[in-house]
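First comes the structure, then the notes that go with it.
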Amino acid sequence: MSYMFILDKRKCVGCSACAVACMDQNDIDVTAGDRPFRQCFTLESGPNPEDKMTFMSLACMHCEDAPCIQACPSGCLKKDPETGFTIYDNTNCIGCHSCAMACPFAAPSYNKEGKMEKCDGCLTRVRHGLEPACVRICPFGALQLVEKEEYENNLRKKAAELIVYSSLKN
Amino acid sequence: MSEDVKELLRAKIPCEKTGIEIRHSVCDICTPGPQCGLDVYVKDGKVIKIEGTKGFGPNNGALCTKGAANRQYLYRKDRIQHPMKRVGPRGSDEFEPITWEEAFRLIAEGLNSVKEKYGADAVAFMTGYPKWYRPWLHRLAFSFGTENYMTESSTCHTAEVMSYLLAFGNEMSADVPGGPDLLVGWSANHMISGFPNGRNFFNYMEKGGKVVNIDTRVTPNEQKADIMITIKSGTDGYLANTIASILIKNDWIDKEFIDNYVHGFEEYKAMVSEYTVEECEQITGVPAEKITELARLIGEAKNPLIMPSNGLCHHINGLQTHRAVVALNILKGSVARKGGMNPSYGSWLEMNAGFVTKEEEFLNDVRPKGNKPRIGTDRFPVWTELKDEGQLMDFVRQAESGDPYPLKAIYGHGVNTMIHPQSDKFVEAAKQMEFIAATDIFWTEFCSLADVVLPACTSMERSEVKANGNGCIFYSSPAVEPLYESKDDVTIMAGVAKALNLNDDLLKSGYDACIKHIFRETPVDLDQAKAAAKQVPVERVQRDPFLSKPLKTPSGKIELYSEVIAKYAASHNLDPLPKWYSGFGEESPEEFPFTLVSGGRQANAIHSHLHKVPWLRSLRPEVMADINPLDAARLNIEQGDEVYLSSATNKIKVKANLSAIALLGQVNLYHGYEEANVNLLLPNTFLDPYSGFPGFKQLRCNIEKAEVES
């Protein structure tokens with residue numbers, strides 16, 4: 001069954017709980033300059049109170065035809081057939097940053113050994129019936145992991161209020 | 001190790017193969033308030049991950065930004081490891097480790113020596129965060145022989161409680177889930193602070209409820225509201241009274257309710273009749289059409305809920321402002337009904353869980369007699385009348401002057417020098433003490449001032465009983481052993497009580513015995529609750545409808561005209577009606593053209609105790625003042641520039657963050673940073689005469705770009 005990350009824009013407040021959950025799950029060492037695989041942003045559209053602020057949580061989009069997969073000369077990246085997540089094995093990563101250059105969202109980052117790391121959708125947790133750490137923590141249920149079918153049946157009609165992280169061609 | 005197990009360990013999957021176990025605890029970072037349940041992932045006695053507990057009352061699986069960092073909070077590098085005694089001059093960081101026995105002995109000697117020379121009232125018992133041990137510290141003060149027990153709530157929440165006590169004789173809370181037909185959040189920032197309340201907002205909006213939000217900062221609550229009103233800091237009381245005047249003029253009020261239950265309506269009506277929309281626009285900065293629209297919305301609503309927050313009280317006109325906002329609910333009869341302002345009866349540690357305990361008796365059984373007046377009594381009599389604590393904000397004055405009696409020692413848990421306006425004056429006063437004992441989880445400036453420092457542990461290393469708003473209790477067990485030589489605060493207080501040889505066997509007997517005593521008539525089996533390691537429901541007590549008998553106010557009615565304040569009207573120049581007055585000090589607006597708004601909540605911090613948690617600090621690493629981009633452009637300040645914020649009292653250097661969260665002419669700075677403590681800018685006389693609260697959110701200041709050193 002294939003999954004999609006969905007962010008309900010109405011409910012995201014940009015609090016970064018998801019980012020901290022990602023740090024906790026993945027033992028991110030921020031003191032060494034590492035950053036979590038998911039981060040929050042607040043975009044301000046102007047200096048006046050009425051000017052819209054957009055609150056957003058962003059990570060790897062798990063694109064269906066992910067450009068990073070094609071870009072990697074070492075074949076580190078692939079789609080997980082079961083979940084649809086873009087996953088990786090960085091054993092053979094040569095640290096060439098080709099994936100980062102191909103990614104429109106700057107999702108890949110590089111660890112102390114220079115090897116690529118990124119959000120894997122908490123694949124192992126999901127396989128064991130647990131939500132991704134970021135989804136589990138979200139105070140307002142703004143960030144969700146939904147089955148493709150659930151999206152098609154119930155959420156597509158609300159697409160204007162959502163940020164749909166995926167590949168599904170809307 | 002097989003690849004499979006390696007991956008399970010990397011992903012921290014709790015199962016037999018990994019040996020990772022989930023233990024249940026509570027988050028105590030912002031309590032009391034949400035009191036969220038934690039799933040603590042433990043491997044080989046160490047916490048490796050935290051999640052919210054599913055099905056747990058307030059949080060149901062989720063956590064906020066702060067709670068998400070509980071693991072790094074627990075393992076912060078500056079945890080105090082051992083009991084310590086000072087070997088250098090007071091205020092130096094020269095300490096050496098000692099045994100617990102020696103620490104208790106030194107504390108007993110220090111406190112008893114001051115008691116013998118000056119009397120028990122010369123010792124101030126003080127606490128900051130957390131709050132779970134407060135009844136024990138209060139009892140320790142009483143058993144020692146003084147009522148001088150003070151908390152950080154002297155600057156945070158108590159003024160809001162006072163406002164409710166003055167009007168209703170009882171604490172109140174806003175019943176958002178009950179479904180008002182209009183919700184006006186007034187300085188509500190619940191999407192960032194206390195998220196279960198933020199969830200109530202979202203649930204309400206999802207059901208089609210209409211939300212107006214009024215604030216002086218552009219928070220997510222503001223942005224998500226149907227109608228956003230931004231207002232100049234500290235002018236909310238003027239707006240509330242203007243709205244009241246329009247409601248009364250248009251007969252948009254519940255006359256029957258007022259006739260039956262309200263005291264002082266005629267005086268109040270006369271007072272608000274002087275408020276005009278024109279002047280309101282000028283003072284508050286809210287456009288006239290928005291003022292009249294808000295009045296019409298409230299006026300035409302049948303069951304509107306006007307929900308104030310703590311922030312309204314953080315002004316020198318704060319208590320009157322809060323009262324003015326609460327009054328709108330009274331005019332509309334939105335009291336003691338579904339979706340209105342409802343009585344909140346603290347079951348345990350201020351949480352309304354529907355049952356009763358012997359918490360008050362736990363104190364009253366040992367209340368000392370014949371004491372001198374509590375700290376702050378002469379200066380803040382309304383506080384003293386309503387709150388069974390000293391007003392901490394008068395500590396420095398009394399310590400410096402010895403008026404009306406000397407203060408010579410501090411026994412503190414979690415005491416934070418930075419909460420004091422002009423914090424440097426508090427430090428100076430502390431240096432003059434003859435003895436100080438400090439207990440904390442992390443080393444603070446206050447620890448450096450102490451004679452003896454004791455290491456406390458976090459909620460994950462101890463047991464405690466929490467009451468939750470869903471009518472349950474949760475009796476936690478330690479998820480891991482206390483780190484280093486740390487102990488929980490109540491065990492420490494029992495040790496101190498023994499060393500002092502107090503005549504209080506219950507206090508000496510420790511947490512479990514005390515909690516059983518306090519809950520002895522509450523219908524719950526505490527042993528079973530502890531063994532269950534989950535929330536246990538407790539039968540609710542049936543209460544008479546709130547308005548069916550006289551209220552605990554002097555008139556027995558809901559008081560728009562406060563008879564408590566009236567007693568001190570002449571002596572302290574106070575007004576029994578919630579009349580607005582300016583919350584600025586006397587500084588010149590030409591010299592200090594900006595308004596400093598501090599003390600707000602940001603998602604990644606609460607007060608000072610998370611600034612040194614690396615995960616949270618990484619979200620906003622610099623100490624930054626939010627400055628409106630238009631003000632910044634005028635001053636030639638760019639993002640990240642160093643700027644000086646100056647007041648008539650002091651000057652600090654911070655970085656500029658250009659953001660529309662700050663209104664034009666206002667600058668917002670979060671508090672609790674050691675390297676740029678905003679409270680150094682506030683004069684320590686800048687206090688609300690009603691509550692004693694500092695004017696955190698309305699100080700005249702200036703912004704100057706710092707010279708770049710070449």
Side-chain angles (χ1 to χ4, degrees), chain A residues 8-36 39-55 89 120 122-143, chain B residues 7-8 10-15 41 48-52 54 59 61-72 191-192 195-196 198-199 201-202 205-206 215 218-224 228-230 603-604 614-619 621 628-633 658-661 663-664:
Chain A
D8 187 334
K9 282 187 283 186
R10 297 165 309 171
K11 289 188 178 175
C12 181
V13 301
C15 71
S16 297
C18 50
V20 179
C22 183
M23 296 176 195
D24 191 22
Q25 177 66 44
N26 295 298
D27 300 325
I28 301 292
D29 184 2
V30 293
T31 54
D34 294 344
R35 61 185 171 96
Q39 287 175 278
C40 277
F41 301 92
T42 301
L43 302 176
E44 299 185 11
S45 65
N48 303 306
E50 298 75 23
D51 293 327
K52 192 76 197 154
M53 289 181 187
T54 307
F55 306 100
D89 175 350
D120 68 353
C122 283
L123 178 70
T124 303
R125 275 177 63 88
V126 173
R127 281 185 177 154
H128 285 81
L130 303 167
E131 305 101 318
C134 53
V135 169
R136 171 63 177 268
I137 204 128
C138 181
F140 305 116
L143 188 64
Chain B
E7 174 53 23
L8 292 175
R10 190 195 66 82
K12 305 179 180 174
I13 305 298
C15 61
Y41 285 54
I48 59 160
K49 177 182 160 64
I50 297 282
E51 272 178 0
K54 282 200 171 173
N59 60 318
L63 285 175
C64 72
T65 324
K66 306 175 274 292
N70 258 295
R71 172 160 67 111
Q72 268 201 342
M191 291 171 193
I192 293 300
F195 79 90
R199 244 185 213 167
F201 265 77
F202 279 122
M205 284 189 270
E206 258 184 10
D215 209 331
V218 184
T219 62
N221 269 67
E222 285 278 282
Q223 283 274 329
K224 307 279 179 187
M228 170 208 296
I229 294 176
T230 48
N604 61 322
W615 288 338
L616 295 173
R617 191 61 187 262
S618 77
L619 300 171
N628 188 280
L630 299 176
D631 281 329
L658 276 48
S659 172
I661 192 171
L663 301 188
L664 213 56

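Sequence lines set the chain letters: A, B, ... in the order given, protein chains first and strands last, and positions in each chain run from 1. Computed from a prediction, not measured in an experiment: that's the story for all the values here.
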So which part of B:Met228 gets closer than 4.5 Å to some heavy atom of chain A, the side chain, the backbone, both or neither?
side chain

So which part of B:Arg71 gets closer than 4.5 Å to some heavy atom of chain A, the side chain, the backbone, both or neither?
side chain

Would you say A:Phe55 and B:Lys224 make side-chain contact, with heavy atoms under 4.5 Å?
yes

Side chain from CB out, backbone as N, CA, C, O: work out which of these in B:Ile48 comes under 4.5 Å of a heavy atom of chain A, or both, or neither.
backbone

Side chain / backbone / both / neither for B:Tyr41 at chain A, heavy atoms under 4.5 Å
side chain

Without swapping roles, check the side chain of A:Arg136 against the backbone of B:Gly52 for a donor-acceptor pair under 3.5 Å.
yes

Cut-off 4.5 Å, heavy atoms of chain A, and the answer for B:Glu206 is side chain

Looking at every heavy atom in both B:Cys64 and A:Ala17, which two are closest together, and how far apart are they?
C-CB, 3.9 Å

Can you tell me which of A:Leu130, A:Asp29, A:Val135, A:Thr124 forms the most heavy-atom pairs within a distance under 4.5 Å of chain B?
A:Thr124

Residue, of B:Leu630, B:Val218, B:Leu63, that accumulates the most heavy atom pairs under 4.5 Å with chain A:
B:Leu63

Under 4.5 Å from a heavy atom of chain B, the part of A:Thr31 involved
side chain

Looking at B:Ala62 and A:Ile137, what are the two nearest heavy atoms and their distance?
CB-O, 3.3 Å

Interchain contact, B:Asn628 with chain A, by part (heavy-atom threshold 4.5 Å)
side chain

Chi angles and distances behind the side chain to side chain contact (heavy atoms under 4.5 Å, CB included) call for A:Val20, B:Leu619
CA-CA 9 Å; A:Val20 179; B:Leu619 300 171; 3.9 Å; yes

Proximity breakdown for A:Glu131 and chain B, heavy-atom pairs closer than 4.5 Å
side chain

Contact part of B:Lys54 toward chain A, heavy-atom cut-off under 4.5 Å: side chain, backbone, both or neither?
both

Proximity breakdown for A:Arg10 and chain B, heavy-atom pairs closer than 4.5 Å:
both

Interface moiety of B:Lys49 toward chain A, non-hydrogen atoms closer than 4.5 Å
both

Return the option, out of B:Pro629, B:Ala603, B:Gly61, with the maximum number of heavy-atom pairs under 4.5 Å with chain A.
B:Gly61

Portion of B:Leu663 that has a non-hydrogen atom of chain A nearer than 4.5 angstrom:
side chain

Less than 4.5 Å to any heavy atom of chain B: does that hold for the side chain of A:Asp27, its backbone, both, or neither?
both

Sub-4.5 Å side-chain heavy-atom contact between A:Val13 and B:Thr219:
no

Top contributor to chain A interface from B:Met191, B:Met205, B:Gln72 [non-hydrogen pairs under 4.5 Å]
B:Met191

Taking side chain as everything from C-beta outward and backbone as N, CA, C, O, which of these in A:Cys12 sits under 4.5 Å from a heavy atom of chain B? Side chain, backbone, both or neither.
backbone

With respect to chain A, which residue among B:Lys66, B:Glu222, B:Arg10, B:Arg617 yields the maximal number of heavy-atom pairs within a distance under 4.5 Å?
B:Arg10

Which portion of A:Asp24 sits near chain B, non-hydrogen atoms under 4.5 angstrom
both

Between B:Gln223 and chain A, with a heavy-atom cut-off of 4.5 Å, which part of the residue counts as in contact: side chain, backbone, both or neither?
both

What residue, out of B:Ser659, B:Pro196, B:Gly198, has the most heavy-atom pairs lying under 4.5 Å from chain A?
B:Ser659

Will you find, in the side chains of B:Lys12 and A:Gln25, an N or O donor that is under 3.5 Å from an N or O acceptor?
no

Side chains of A:His128 and B:Leu8 in contact at under 4.5 Å (non-hydrogen atoms)
yes

Heavy-atom contact with chain B under 4.5 Å, split by part of A:Leu123:
neither

Which answer fits A:Cys138, side chain, backbone, both or neither, if we ask what part of it has an atom under 4.5 Å from a heavy atom of chain B?
backbone

If every non-hydrogen atom of B:Ala11 is compared with every non-hydrogen atom of A:Arg125, which pair is closest and at what distance?
O-CG, 4.1 Å

What are the two closest non-hydrogen atoms of A:Glu44 and B:Ala660, and how far apart are they?
OE1-N, 2.7 Å

Using non-hydrogen atoms only, which part of B:Ile50 is less than 4.5 Å away from chain A: side chain, backbone, both, or neither?
both

The interface call for B:Phe195 against chain A, heavy-atom contacts under 4.5 Å, is both

Taking B:Trp615 for the side chain and A:Ile28 for the main chain, is one N or O donor matched with an acceptor at less than 3.5 Å?
yes

